[in-house]
Amino acid sequence: MSDGDVQNDAANSRLRRIPSISTILSDPEVRRRTDGLRTDVATQIAQAVVQRVRSAILAGDGAEQADEIVAHVVAELDALQQPKLREVINGTGVIIHTNLGRSPVSEEAARAMQDAATHYVPLEIELAAGKRGGRMAEVTRLMSLLTGAEATLVVNNNAAAVLLTLSALAAGREVILSRSQAVEIGGGFRVPDVMRQSGARLVEVGTTNRTYARDYEAALTDETAALLTVHWSNFRIIGFTAQPTLAELAELAHRRGLALIEDLGSGALADTAPWGLVHEPTVGESLAEGVDVVCFSGDKLMGGPQAGIISGRADVIRTITAHPLARAVRADKTALAGVAATLRHYLRDDYTETIPIWRMISAQLDELEARCRSWIDQIGFDGATLTTSQSAVGGGSLPGETLESRAIALGEEALQRRGLTIELVAHRLRSGTPPLVPHVENGRLLIDARTVLPGQEAGVVTALSAALNPGS
Ligand SMILES: *Cc1c(COP(=O)(O)O)cnc(C)c1O
């Protein structure tokens with residue numbers, strides 16, 4: 001017999017061992033998992049697994065054994081019931097971690113969101129009067145007290161806020177922007193593209209490093225609708241640079257009866273400077289300097305749910321609200337409830353205790369150190385040490401700025417003594433229960449205490465113990 005015949009024989013015998021769909025579905029382990037599932041779902045999964053194994057065998061790949069089909073179906077049925085967006089422990093030290101869902105909200109915001117989601121709520125009704133009321137009344141009131149904004153509109157995210165604002169105020173006309181601010185924020189948000197999408201015409205002025213108020217003034221025409229300024233969220237320009245102040249731009253815009261729009265990006269409502277960071281401009285400061293409309297994210301430094309917040313002059317916000325796109329991108333009742341609950345933390349000045357990202361930003365080193373020591377004691381691995389680390393705010397705010405932090409470090413050598421590698425332990429941590437995302441740098445695996453939530457202490461110990469002592 002030729003080699004080819006031998007392979008065909010092997011393939012045929014493997015194909016013959018593939019069980020029928022009904023055999024798979026009547027396996028006790030499979031049945032235990034299909035109880036309560038729509039019947040065709042289990043059939044679809046079994047068929048897909050069989051198809052996959054059959055193709056693998058025909059392609060000469062013996063890795064997928066026909067005998068393991070039931071195990072694959074069981075694994076897929078288990079995975080189906082497991083929500084993807086379940087709790088993860090963030091050990092990276094990056095506070096507003098975009099890939100991990102940016103800002104976790106406060107307990108109070110989460111309760112408000114759940115309450116709004118599971119009940120009827122007076123979204124557009126004034127209960128006492130029994131008449132129609134404004135969807136934005138609550139957030140408008142809160143933002144006005146916190147920032148002086150006359151009116152506020154909440155939409156899906158900041159990208160939508162900027163697109164809507166430009167569409168409503170400047171479609172078909174010109175918007176003047178400094179060349180240094182024709183930026184890409186990431187995730188497909190590029191200011192020139194958003195501008196084009198809104199129907200406004202971008203007029204770039206100045207140079208990459210230096211732009212003056214007179215550059216904006218020289219570009220004004222009868223077609224000018226607004227001046228736009230965009231916060232450099234995730235990069236810096238240093239050295240020989242110049243930018244006009246917001247007050248100068250506001251003066252120029254208002255002298256010509258135009259609006260000054262600011263895309264503030266992160267949109268801090270509190271000062272970052274007391275925590276050893278540079279000062280991130282706040283929404284209130286922008287409005288005080290004369291900006292007519294400020295757009296910012298709800299889930300960056302504000303620390304709330306995903307939202308885009310448009311705050312500013314009442315007449316301008318009215319124009320924006322009346323634009324047809326406003327309906328397409330409006331925030332739902334749960335986001336509005338979460339935003340309002342988050343704003344109340346600033347009203348009460350308890351945000352450093354209640355809003356997770358502010359608790360992390362303001363955490364003291366001795367507290368972080370004590371948490372690391374307690375984890376080290378509990379995991380009982382001699383290669384785990386306390387170390388100094390650098391935590392970043394992230395989420396496109398405060399680029400290059402770090403907060404000194406404390407972490408558990410697992411060194412390469414100590415892991416090798418147990419027959420482990422950094423990559424293997426990192427993989428086990430990420431795929432464990434609960435999953436823990438570590439920070440890997442310079443031959444060390446770090447778990448930064450700053451970004452571990454208070455309720456996750458035990459989870460860190462469980463995750464590390466399991467990754468370091470598999471099978472125990
Ligand atoms: C983050 C950011 C955006 C996009 O905000 P999303 O809430 O992610 O839509 C837009 N502009 C700036 C300056 C940003 O920093």
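One-based numbering, in listed order, for ligands and for the atoms of each.
- Under the rule for a salt bridge (charged side-chain N to carboxylate O under 4.0 Å, His left out), the partners of Glu223 that lie at least two apart in sequence or sit in another chain are Arg201.
- Remark: Asp193 engages Arg196 in a salt bridge, criterion side-chain N to carboxylate O under 4.0 Å.
- Annotation: ligand 1 has protein neighbours Arg102, Asn157, Asn158, Ala159, Ile185, Phe189, His231, Ser233, Asp263, Gly265, Ser297, Lys300, each with a heavy atom less than 4.0 angstrom from the ligand.
- Under the 4.0 Å criterion applied to side-chain N and carboxylate O atoms, Glu280 and Lys300 are not assigned as salt-bridge partners.
- Side-chain atoms of Thr354 and Arg348 form no donor-acceptor pair, as typed in the model, at a separation below 3.5 Å.
- Salt-bridge formation is detected for the pair Arg38/Asp40: a Lys NZ or Arg NE/NH1/NH2 atom is positioned less than 4.0 Å from an Asp or Glu carboxylate oxygen.
- Put simply, the side chain of Glu285 does not reach to within 4.5 Å of the side chain of Leu246, judged on heavy atoms.
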